[in-house]
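One structure is given below, encoded as structure tokens.
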Amino acid sequence: MKLEDLKTIPQMVESNPDLFTENKLKHMARMRDRNGLEKAFYIIANKIFVDPPALEKGIAKRNAD
């Protein structure tokens, strides 16, 4: 994970409007310890950042189980 690869929630929604809503991503971030996506979300200076490759990998793993 590189800092320049991280995206904010609005950036994720803008780049993938058919997949994500802001509320959906915020919920996933809040529940990251329970939904297996703890490696996909980072809280830096009270802002939520998303690691897109880790999110994709985490969702694929969760769906495969």
Side-chain angles (χ1 to χ4, degrees):
M1 185 271 311
K2 295 180 184 177
L3 285 178
E4 56 267 6
D5 294 338
L6 297 179
K7 292 186 175 185
T8 62
I9 287 181
Q11 289 172 330
M12 284 294 294
V13 172
E14 184 179 315
S15 63
N16 301 293
D18 54 325
L19 295 176
F20 302 114
T21 64
E22 192 168 330
N23 286 335
K24 183 186 262 189
L25 284 170
K26 285 180 180 179
H27 179 72
M28 291 167 72
R30 277 193 306 272
M31 305 300 285
R32 66 189 179 278
D33 294 333
R34 296 185 194 125
N35 62 17
L37 298 174
E38 60 272 350
K39 294 182 181 180
F41 293 97
Y42 296 91
I43 311 296
I44 303 171
N46 279 343
K47 286 188 85 175
I48 301 171
F49 290 89
V50 183
D51 182 359
L55 180 62
E56 184 177 335
K57 184 178 178 183
I59 290 172
K61 181 181 178 194
R62 191 177 70 187
N63 288 342
D65 291 340

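As the structure is a prediction and not an experimental result, all values here were calculated from the model.
- Atoms NZ and CE, from Lys24 and Met12 in turn, are 11.5 Å apart once rounded to the nearest 0.5 Å.
- Remark: Asn46 CG is loosely packed, at most 12 non-hydrogen atoms of other residues, nucleotides or ligands lying under 6.0 Å away.
- Counting heavy atoms of neighbouring residues, nucleotides and ligands inside a 6.0 Å radius, atom CD of Gln11 exceeds 12 of them.
- Counting all heavy atoms, side chain and backbone alike, Ile59 lies closest to Leu37 at N-CD2, 3.8 Å.
- The CG atom of Asp33 sits 11.5 Å away from the CZ atom of Phe41 when rounded to the nearest 0.5 Å.
- Taking each heavy atom of Lys7 and Pro52 in turn, the nearest pair found is CD-CG, 4.0 Å.
- Rounding to the nearest 0.5 Å places CG of Leu6 at 5.5 Å from CG of Asp51.
- Residue-environment remark: CD (Glu38) exceeds the threshold of 12 foreign heavy atoms within 6.0 Å.
- In this structure, Glu22 CD and Ile48 CD1 are separated by 9.0 Å, a value rounded to the nearest 0.5 Å.
- Note: the hydrophobic cluster containing Leu3 also contains Phe49 (ILVMFWY, side chain heavy atoms under 4.5 Å, direct or indirect links).
- Here the options are Thr8, Asp5, Leu55, the test is side-chain contact (heavy atoms from CB on, under 4.5 Å), and the partner is Val50; only Leu55 passes.
- Under the 4.5 Å side-chain contact rule for hydrophobic residues, Met28 and Ile44 do not share a cluster.
- Partner of Val13 under the side-chain contact (heavy atoms from CB on, under 4.5 Å) criterion, chosen from Asn23, Leu25, Thr21, Leu19: Leu25.
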